[in-house]
Amino acid sequence: MGTIPFGFSRKGDVIYLYDSKNNLIDMVAYGTFSPWPEEPNSSSATIELKNPSFDNNLSGSWGIGPIGGTPGEA
């Protein structure tokens, strides 16, 4: 949680999450075309992981989220 000094690409991206000791905790490489949800490409919709236990590198684990995302939410 918190403010990040950058944005995420609408063309796909790779995100790495590290802990305070620089150990890789998680990563996801997302796309913007099928089989990834395509609606956010042409709107202000977001994508969100359907369940925290799902594999975040599988496109089927993601769905369309609320407009503007869920800032401040767990």
Side-chain angles (χ1 to χ4, degrees):
M1 292 178 59
T3 303
I4 55 172
F6 57 87
F8 299 106
S9 173
R10 289 185 175 264
K11 297 179 181 179
D13 219 328
V14 179
I15 301 165
Y16 298 93
L17 179 64
Y18 293 91
D19 67 13
S20 62
K21 296 180 180 177
N22 211 31
N23 296 307
L24 180 64
I25 301 299
D26 200 2
M27 66 85 59
V28 62
Y30 69 91
T32 58
F33 298 101
S34 184
W36 287 87
E38 295 182 43
E39 184 177 323
N41 295 341
S42 60
S43 71
S44 55
T46 60
I47 60 173
E48 64 181 13
L49 195 60
K50 294 176 184 176
N51 184 303
S53 67
F54 289 1
D55 183 342
N56 62 12
N57 280 299
L58 299 176
S59 59
S61 296
W62 295 84
I64 301 300
I67 300 297
T70 53
E73 300 278 331

Margin query: Does L17 form a side-chain contact (heavy atoms from CB on, under 4.5 Å) with L24? I'd like the steps, not just the answer.
Written below: CA-CA 6 Å; L17 179 64; L24 180 64; 5.8 Å; no

Checklist line | Atom pair CZ (F54) and CG (L49), whose distance is rounded to the nearest 0.5 Å | finding: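 It comes to 7.5 Å.
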
Notebook entry, point to check: Which residue, L58, D13, N57, forms the side-chain contact (heavy atoms from CB on, under 4.5 Å) with V28?
Noted result: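 When side-chain contact (heavy atoms from CB on, under 4.5 Å) is applied between V28 and each of L58, D13, N57, only N57 qualifies.
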
Notebook entry, point to check: Tell me, do W62 and N56 make a side-chain contact under 4.5 Å, heavy atoms counted?
Noted result: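 Yes, close enough: below the 4.5 Å cut-off.
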
Next item on the list: Would you indicate whether the side-chain heavy atoms of Y18 and I25 approach each other to under 4.5 Å?
Entry: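 No, their side chains stay 4.5 Å or more apart.
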
Item checked: Evaluation steps, side-chain contact (heavy atoms from CB on, under 4.5 Å), between M27 and V14 -> CA-CA 7 Å; M27 66 85 59; V14 179; 3.6 Å; yes

